[in-house]
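None of the values given here were measured: they were computed from a predicted structure.
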Amino acid sequence: GYGEVFLVTKYIAGSGGPANNTKVHKIRMACKTVKLKEDSQARTVRRFDSLRAELYVLQSLSGQCPYVIEYFEHYILRYRPLTTNHSSEIILQASIYMEYADGGTMLEEVKTKGSLKRSLARRYFTEMATGLEFMHRNQIAHNDFKLDNVLLVKYRTEKGVTVKHCKLTDFGMAQFGWKDGVGLIYSKRHLGTRSYMAPEVLQFGLTDLMVRPAPYVPFKADIWSLGISLYVMLTRQYPYEVPKNTEDPKYKKLLKRLKRTGGVLSKVEAIRIFGSIGLARLLTGMLHYNPDKRFNIEVVTKQPWLKIRS
């Protein structure tokens, strides 16, 4: 997301205080800083909404799921920059302190290691899906799920072996997908990263349609993004290329192809490529063109392929 991230160290003295030679505890944290001009421009409003969404999700979910990045604290500073032209401009600066992920991102992991071994991909994916399930159970859709937004934290086991675990992060596009008394909250926004966007989200990038696309369920769009993530982890490539320009004829052709084929790949194709009926069922269930037939997160986390021990 937008903003800059710094590594900071916080020192906490024990109960006796430094004068009594009490041990000082050192905590490494990631500090994300975001600066916004205080004005009413649409871009500023969007960024402020994004900041507000991220803080809400971090504060609401932190410490409750091991696969969601932990939030510590945040501060918001409002000030007028020192200038010589007596500008009335006011800046809001937010500093968000979170758990430091020392293992990089999942995208970096895939770029470094190449296609992940099936057992490692299964463990990582299970953690990612568990984190997303926790969000969905709390009625929150991520809206920008991708390998860049999955961080890795290193842990040392009792045997002294270093392993990495997943942490979901970057909730600036998150939204409620359910409201008591109302039900599902549909979306009409072109949100996320194109390579991970579900077809129903990609359609909102088109500007020359006679009829606007139907609103979509953001939870189901998250599942498509999760499926693309697993595909990339296993193959080190995206299943298709999405043109950057939505007016590019290839953009419409891609949507038509996905609709015609019913998704990214058939179960037969998936079995041929991956050699596993269980994995084929999982991938095709997440990457089904029709959101109504696409798996929900509860179905994803109960798939037999995730239970295989290897």
Side-chain angles (χ1 to χ4, degrees), residues 1-9 27-34 50-51 53-55 57-58 61-62 65-72 95-135 140-156 161-174 191-198 221-239 241-242 244 283 286 297 300:
Y2 64 94
E4 296 180 294
V5 180
F6 304 93
L7 173 62
V8 298
T9 303
I27 301 176
R28 291 198 299 175
M29 300 183 290
C31 176
K32 180 176 181 178
T33 61
V34 179
S50 178
L51 174 62
E54 181 154 24
L55 284 172
V57 174
L58 285 169
L61 305 185
S62 182
C65 176
Y67 307 121
V68 173
I69 202 73
E70 188 171 354
Y71 159 87
F72 295 123
S95 299
I96 309 171
Y97 294 86
M98 298 171 284
E99 179 180 9
Y100 171 57
D102 53 356
T105 69
M106 184 62 72
L107 184 62
E108 292 168 344
E109 182 87 345
V110 173
K111 286 182 177 179
T112 301
K113 293 185 175 180
S115 302
L116 300 184
K117 291 182 179 179
R118 198 67 58 88
S119 58
L120 182 60
R122 180 183 294 112
R123 180 172 70 80
Y124 281 157
F125 179 81
T126 300
E127 294 178 355
M128 291 159 54
T130 302
L132 189 61
E133 181 179 35
F134 176 72
M135 291 188 66
I140 297 172
H142 192 291
N143 280 335
D144 194 21
F145 194 98
K146 57 182 177 180
L147 296 183
D148 316 55
N149 289 339
V150 178
L151 300 179
L152 293 168
V153 177
K154 295 178 182 177
Y155 293 92
R156 286 185 69 82
V161 179
T162 300
V163 296
K164 297 178 182 178
H165 290 288
C166 300
K167 300 278 186 173
L168 305 192
T169 190
D170 206 339
F171 307 111
M173 295 187 188
L191 286 175
T193 302
R194 284 192 178 91
S195 298
Y196 295 84
M197 282 183 188
D222 275 352
I223 298 300
W224 180 280
S225 304
L226 183 64
I228 295 294
S229 298
L230 178 58
Y231 187 99
V232 176
M233 289 162 66
L234 293 168
T235 64
R236 202 176 181 265
Q237 62 183 8
Y238 293 94
E241 183 178 349
V242 184
K244 293 182 179 180
L283 280 167
M286 291 189 292
I297 193 62
V300 169

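- The heavy-atom pair separating Met197 from Trp224 by the smallest distance is O-NE1, 3.3 Å.
- Judged as a side-chain contact (heavy atoms from CB on, under 4.5 Å), and not counting sequence neighbours, Thr112 has no contacts.
- In this structure Tyr124 satisfies the ring pair (Phe, Tyr, Trp, His ring centres under 6.0 Å) test with no other residue, sequence neighbours excluded.
- Applying the side-chain hydrogen bond (donor to acceptor under 3.5 Å, both in side chains) test to Thr193 and every residue at least two apart in sequence or in another chain returns Asp144, Lys146.
- For Glu109, the salt bridge (Lys or Arg N to Asp or Glu O under 4.0 Å) partners two or more places apart in sequence, or in a different chain, are Lys113, Lys164.
- With sequence neighbours excluded, the residues forming a side-chain contact (heavy atoms from CB on, under 4.5 Å) with Pro239 are Ile228, Tyr231, Val264, listed by chain and number.
- With hydrogens and angles disregarded, no donor-acceptor distance shorter than 3.5 Å links the side chain of Arg28 to the backbone of Val8.
- Residues forming a side-chain hydrogen bond (donor to acceptor under 3.5 Å, both in side chains) with Thr9 (at least two apart in sequence, or on another chain): none.
- Listed by chain and number, the residues in a side-chain contact (heavy atoms from CB on, under 4.5 Å) with Ala53 amount to none (sequence neighbours excluded).
- The stretch residues 95-106 participates, sequence neighbours left out, in these side-chain hydrogen bond (donor to acceptor under 3.5 Å, both in side chains) pairs: Glu99-Lys167.
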Original post:
Given the rule in the side chain to side chain contact (heavy atoms under 4.5 Å, CB included) test, do Leu168 and Asn149 qualify, once you have shown the distances and angles that lead to the verdict?
Top reply: CA-CA 6 Å; Leu168 305 192; Asn149 289 339; over 6 Å; no
**OP:** Please assess Met128 against Met233 for the test side chain to side chain contact (heavy atoms under 4.5 Å, CB included), listing each intermediate value before the final yes or no.
**Re:** CA-CA 12 Å; Met128 291 159 54; Met233 289 162 66; 3.9 Å; yes
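- Partners of Phe171 by ring pair (Phe, Tyr, Trp, His ring centres under 6.0 Å), not counting sequence neighbours, listed by chain and number: His142.
- Not counting sequence neighbours, Phe72 has no partner by the ring pair (Phe, Tyr, Trp, His ring centres under 6.0 Å) test.
- With values rounded to the nearest 0.5 angstrom, Ile69 atom CD1 is found 12.5 Å from Ile96 atom CD1.
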Original post:
When you look at Ser115 and Leu234, which way does the side chain to side chain contact (heavy atoms under 4.5 Å, CB included) test go after all the steps?
Top reply: CA-CA 5 Å; Ser115 302; Leu234 293 168; over 6 Å; no
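- Under a 3.5 Å cut-off, the side chain of Arg236 and the backbone N or O of Val110 do form a donor-acceptor pair.
- In this structure, Tyr155 has no side-chain hydrogen bond (donor to acceptor under 3.5 Å, both in side chains) partners at least two apart in sequence or on a different chain.
- Not counting sequence neighbours, the partners of Tyr67 by the side-chain contact (heavy atoms from CB on, under 4.5 Å) test are Cys65, Glu127, Thr130.
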